[in-house]
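One structure is given here, and the rest of the page talks about it.
Remember, it's 1-based here, ligands and their atoms both numbered in the order they're listed.
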Amino acid sequence: MEPTTRGTWGSKLGFILAATGSAIGLGNIWRYPYVTGQNGGAAFVLMYLACVLAIGIPVLIAELSMGRHTTLNPVGAFKKLSRSRSWPVVGYLGVATGVFILSFYAVIAGWTIAFIFRTLLHSTTSFSDFLADPYSQLFYFAVFLGLTLFVVLGGVEKGIERWSKILMPMLLVILLGLIAFALTLPGASVGVQFYLNPDFSKITGSTILAALGQAFFSLSLGMGTMITYGSYLSKKDNVVTSAVAVGFSDTLIAVLAGLVIFPALFSAGLEPSQGPGLVFNVLPTIFEQMPAGTFVGVLFFVLLAIAALTSTVSLLEVPVAFLVDQKGWSRAKAVWIISALVFVVGIPSALSLGASAGLTSFEIFGQTGFLNMMNFLFGDVSLPLGGFFFSIFVGWVWTTRKASEELSLGAESSSKFLLAIWGVLLRFVCPVVILVVLGQKLFGF
Ligand code: TRP
């Protein structure tokens, strides 16, 4: 494919913003706090940070290098770099995972829109009644998917890049303000303690898998999003420093979100291990007590909705780029058909937090309800599994030597030393850790 017909980012900053836009989303503000809460707090946070540094960033660099080198989607990238018929399967797995993650992610993203109105109108409907109403759930899910479709129709540069430019700095500022306020709440210090003072006896195999899954989810790794985004990157850009910038800003936003949520949660006497509803239960308690709370609350949910949108866009972009590059579909056709599919696949998730008793309460793989099951299968299992194959592929099949040649383009300053560390992490640490953690969780060894 001609890179020119596929489009490239308008500037290097444009790429960093778009990749950061993909990474920063509900994963940081919704998923990270509740997973931290379920896994006992500070000790989990340390595991998470270790996973980001030792595994997340190396896999991020690997995905970006594959994408820029081939200028293709995940399936095309594997086909171009290897003769084997098996490797493209990893690309297909990524494309499918994109559809599945988007199917429940857009449900939660729909809540952010609903919460803009709930905050503005001081709605008295309880959160659980809202969740139990099938019409609201499907309505906001459809609205969010519609917004995503609209942006992706516009194409890479116009659609994706523009949104990311003002958002991140604003989100950072509002989070800092909320932290300052949350820390003044009565009883906040218990939350700080929970969040920052590790109790290592709480670390188990599931804690580590959750930390690994969260690192992949938050950095948008393991399904080829970053291959796809890297494919729009120019040869003049420095991939390694861009990856580090993306990883750092994503982690910063998550860690800050925790500093808002946990003090407020303990101050309000709520349960840290309550699961996916957590931040939507906690945040309103902050805005109620805060001066100008309605204004701050509305602004916050607007920003969160946009942050989620830059992420859903990157999820939809993977199957769309696949159909456009590999099957020759028009962008519009691919966008419409995939969105319709995502909607159908997402219906059970939308109804699984109260609207349908069966979908809400069934238990499987240690998860309760359909949405939690999807989140586990595609967030905690499929992404690390994809990351395992990416690290083997780039590390051993395409080889870090060739990948390093690609990575040195546009990177006069990035030292051989850094690339050497990257090679060791990618070839040895990533596959071994992922395999042990996944195997331990799934098969008990
Ligand atoms: N990283 C995003 C978030 O934290 C979600 C996301 C976007 C994603 N694209 C992805 C997750 C690809 C996994 C894979 O909200």
Side-chain angles (χ1 to χ4, degrees), residues 17-36 48 51-52 55-57 59-60 62-64 67 73-74 90-91 93-112 144-145 148 151-152 160 163-164 167-168 171 211-230 243 246-247 249-258 276 279 303-322 338 342 374-387 389-390:
L17 287 170
T20 315
S22 166
I24 297 178
L26 295 173
N28 309 58
I29 314 257
W30 159 73
R31 201 178 191 273
Y32 169 79
Y34 94 73
V35 176
T36 304
Y48 170 69
C51 288
V52 168
I55 297 169
I57 294 185
V59 172
L60 176 56
E63 283 198 35
L64 290 175
N73 63 86
V90 181
L93 178 74
V95 170
T97 302
V99 170
F100 287 116
I101 292 186
L102 184 54
S103 78
F104 69 82
Y105 194 98
V107 172
I108 314 288
W111 299 354
T112 62
F144 209 91
L145 207 52
T148 307
V151 176
V152 176
I160 301 174
W163 286 102
S164 308
L167 170 76
M168 253 68 71
L171 197 62
L212 188 66
Q214 178 59 27
F216 274 89
F217 193 95
S218 196
L219 292 170
S220 302
L221 297 178
M223 54 160 270
T225 302
M226 293 300 178
I227 296 184
T228 308
Y229 270 32
V246 171
S249 16
D250 183 64
T251 308
L252 180 70
I253 296 286
V255 169
L256 293 181
V279 293
L303 289 173
L304 186 56
I306 305 176
L309 187 60
T310 53
S311 301
T312 52
V313 157
S314 76
L315 285 161
L316 182 56
E317 182 64 21
V318 173
V320 166
F322 162 69
I338 295 291
V342 167
M374 296 293 278
N375 190 13
F376 172 74
L377 281 183
F378 295 99
D380 286 343
V381 178
S382 177
L383 297 177
L385 193 65
F389 288 122
F390 288 146

D380: what forms a side-chain contact (heavy atoms from CB on, under 4.5 Å) with it, not counting sequence neighbours?
R31, F376

Is the shortest N/O to N/O distance between G27 and ligand 1 below 3.5 Å?
yes

Evaluate the criterion ring-ring contact (aromatic ring centres under 6.0 Å, His included) for residue pair Y32 and Y48; output intermediate values, then yes/no.
CA-CA 10 Å; Y32 169 79; Y48 170 69; 5.3 Å; yes

Do the side chain of W30 and the main chain of P276 share a donor and acceptor less than 3.5 angstrom apart?
yes

Pull out every atom of ligand 1 sitting under 4.0 Å from any heavy atom of M223, numbered as shown with elements.
12 (C), 14 (C)

Interfacing atoms of ligand 1 (cut-off 4.0 Å, heavy-atom, L26)
15 (O)

Taking atom 12 (C) of ligand 1 as the reference point, the nearest protein heavy atom with its distance
T225 OG1, 3.1 Å

State the atoms of ligand 1, each with its element, that fall below the 4.0 Å cut-off from a heavy-atom position in L315.
7 (C), 8 (C), 9 (N), 10 (C), 12 (C)

Students should be able to answer this: which protein heavy-atom is nearest to atom 3 (C) of ligand 1, and at what distance?
A23 O, 3.2 Å

For the residue pair S22 and T225, confirm or rule out a side-chain donor-acceptor distance under 3.5 Å.
no

Suppose we measure from atom 2 (C) of ligand 1 to each protein heavy atom; which comes out shortest, and what is that distance?
S22 O, 3.1 Å

I'd like to know if the side chain of T112 and the backbone of I108 have a donor-acceptor N/O pair within less than 3.5 Å.
no

Classify the contact between S314 and ligand 1 as side chain, backbone, both or neither, using a heavy-atom distance cut-off of under 4.0 Å.
side chain

With no hydrogens and no angle check, is any side-chain donor or acceptor of S218 less than 3.5 Å from a backbone partner on A215?
no

Side chain, backbone, both or neither: L383 near ligand 1, heavy atoms under 4.0 Å
side chain

Under 3.5 Å: donor-acceptor pair, side chain of Q214, backbone of G27:
yes

Any heavy atom of Y105 closer to ligand 1 than 4.0 angstrom?
yes

Side-chain heavy-atom pair V107, F144 within 4.5 angstrom cut-off
no

If you scan protein heavy atoms around atom 11 (C) of ligand 1, the nearest is F217 O, 3.2 Å

Donor-acceptor contact present, side-chain S311 to main-chain I24, <3.5 Å
yes

Distance from atom 6 (C) of ligand 1 to nearest protein heavy atom, with residue and atom:
S220 OG, 3.5 Å

Sub-4.0 Å atoms of ligand 1 with respect to non-hydrogen atoms of S218:
1 (N), 4 (O)

